[in-house]
Protein chains: 2
Amino acid sequence: MPQPRTHRDTAANRPGSPPAAGGPPRAHAIRAAALELFTQRGYAATTMADIGAAVGVRGPSLYKHVSSKQALLAQIMTGTMDALLAAHRTAVAGTEDPTERLRRATEAHVRYHARHRLEAFVGNREIRSLEEPHRTAVLARRDAYEKAFRELVEAGIAAGRFHVASARLASYAILDLGMGVAVWYREDGELTEDQIVYQYGDFALLLVGAG
Amino acid sequence: MPQPRTHRDTAANRPGSPPAAGGPPRAHAIRAAALELFTQRGYAATTMADIGAAVGVRGPSLYKHVSSKQALLAQIMTGTMDALLAAHRTAVAGTEDPTERLRRATEAHVRYHARHRLEAFVGNREIRSLEEPHRTAVLARRDAYEKAFRELVEAGIAAGRFHVASARLASYAILDLGMGVAVWYREDGELTEDQIVYQYGDFALLLVGAG
DNA sequence: AAGTTCGGCTAGTACATGTTAGCGGGATCG
DNA sequence: CGATCCCGCTAACATGTACTAGCCGAACTT
């Protein structure tokens, strides 16, 4: 028999807690816990009770803050894709030089996958767990992102600055490099974020035969 | 109420079917169906009934041929890692030249991920679904594979043939390239297996600054 | 002080799923 | 021709899980 339970008085529980940007703080903590668990175990293998336990609450209590497990995933995935696209646009906005544009886009890509590795990891792997209409929406953004990179490479080829047989293959390769970072990067690893970012930027230019 | 069912008479059902290598033909068909479904939906989201339906049989009937869903996954994963390690050993056996060894290892890596993309895909993504002791066994083989690549790069650096800041980073990059292939490669795509293999072999040498 | 809101909790519902038990038909073997 | 084996089936079991219903205490509001 479970013992009788009374209310817990955690820091996040107290109404006096610091009001965070981006919605109620509790909902934010739940999304963060879900993100971690989705990364570790996968969406299907994560239960609402697991997520609840991670924030010090029973499974059903989560429904006071989020509408469903699927909504939790959808928020994570669409937010991630939007952030990635925004980072890309900012990166390429500053210059018209093809080499510099590709370098900056690659650096932004890799930096995002290192700094937000959980989001990027889940964003890449759980597309199949997303139900419609969110899946279509996320896939559309993914395609747009991929296309943007491919066009960057094509522009460099057209300008005679890049020398590579297939723009498609080169852009896939660069994108895959970044996604790999989200898999193995650790903040306490032997390579710093900047080291990886700059090195991978160089790799991208080598791949397309620039300079 | 479901209608009464009688025995189906599928090709794979008839005892006179061609005896295939590698065990009873029915068990092989089940593994193949499981592989495809694990790829599409993930291990946790695939049910025994799904696998059964793919081979024209009810879920429980599968237990006449396999011992459990987990065993199905374990067979796929350990078989894949063994095949990958074997391909690597064969690839590097022919020469002592660091550049040529890295090229051949990369080509073998990429070719495996293209030709056996389902196995490679599941092998990369479902490690967390593997229970002990299989998970530890597969991870050990994965580490060995990764280490073999890193040592290939280190050997080239030591010989003064490669010029790259971090052997670890370069080997991760090369391995990630191959894994990406398993995600997007399609037999009917616009790039042939050989085109990808040779191009990626070149990419690997560019990354490590050979030549 | 009374009422309202917030956000926990337990209990319960509806359903899905891995696996076992046991049945039965057809092919093979002696 | 009878026994056995192979391999399908349905039924059932045990468990797990997303989510709903409804209760209740504490804090905030007026």
Side-chain angles (χ1 to χ4, degrees), chain A residues 1-17 19 23-31 33-34 37-38 41-75 126 129-131, chain B residues 1-17 19 23-31 33-34 37-38 41-75 126 129-131:
Chain A
M1 271 304 154
Q3 309 169 11
R5 284 187 164 258
T6 60
H7 281 186
R8 248 80 47 97
D9 183 30
T10 63
N13 224 350
R14 276 189 290 275
S17 296
R26 203 65 198 249
H28 187 265
I30 292 169
R31 272 200 297 277
L37 287 164
F38 290 167
R41 311 181 186 181
Y43 176 78
T46 299
T47 73
M48 291 302 272
D50 291 337
I51 300 170
V55 296
V57 139
R58 303 281 175 163
S61 300
L62 297 175
Y63 289 87
K64 300 283 171 150
H65 305 278
V66 301
S67 61
S68 70
K69 184 184 168 188
Q70 177 68 207
L72 226 26
L73 180 64
Q75 282 176 23
E126 298 292 355
S129 304
L130 255 195
E131 295 164 10
Chain B
M1 269 306 152
Q3 310 168 8
R5 284 188 163 257
T6 58
H7 282 186
R8 250 81 45 98
D9 183 28
T10 64
N13 224 349
R14 275 190 292 274
S17 296
R26 202 65 197 248
H28 187 265
I30 292 170
R31 272 200 297 277
L37 288 164
F38 290 168
R41 310 181 187 182
Y43 176 78
T46 299
T47 73
M48 292 301 274
D50 291 337
I51 301 170
V55 297
V57 138
R58 303 281 176 163
S61 301
L62 297 174
Y63 288 86
K64 300 285 172 162
H65 304 279
V66 303
S67 60
S68 72
K69 185 185 169 189
Q70 178 69 208
L72 227 28
L73 180 64
Q75 282 175 22
E126 297 293 357
S129 303
L130 253 195
E131 295 165 10

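Convention: sequence-line order gives letters A, B, ...; per-chain numbering from 1.
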Atom [atom1] in [X], atom [atom2] in [Y]: separation rounded to 0.5 Å?
X      : Y       : atom1 : atom2 : answer
L62(B) : I30(B)  : CG    : CD1   : 5.0 Å
K69(A) : L72(A)  : NZ    : CG    : 9.5 Å
Q70(B) : E131(B) : CD    : CD    : 3.5 Å

- Query: Touch check for S61(A), heavy atoms < 4.0 angstrom, all strands: base, sugar-phosphate only, or nothing?
  - Reply: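 Base, at least one base atom sits under 4.0 Å.
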
- Could you tell me whether the side chain of R26(A) and the main chain of V55(A) form a donor-acceptor pair under 3.5 Å?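 Checking the backbone N and O of V55(A) against the side chain of R26(A), a donor-acceptor pair under 3.5 Å is found.
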
- Item | Value in whole Å for how far the C1' atom of dC6(D) lies from CZ of R26(B) | 12 Å

- Tightest non-hydrogen contact, residues Y43(B) and E126(B), listed as N-OE2, 3.0 Å

- Item | Any residue of residues 62-73 of chain A with a heavy atom less than 4.0 Å from an atom of DNA chain D |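 Y63(A), S68(A), K69(A) - these, ordered by number, are the residues of the stretch whose heavy atoms sit under 4.0 Å from the strand.
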
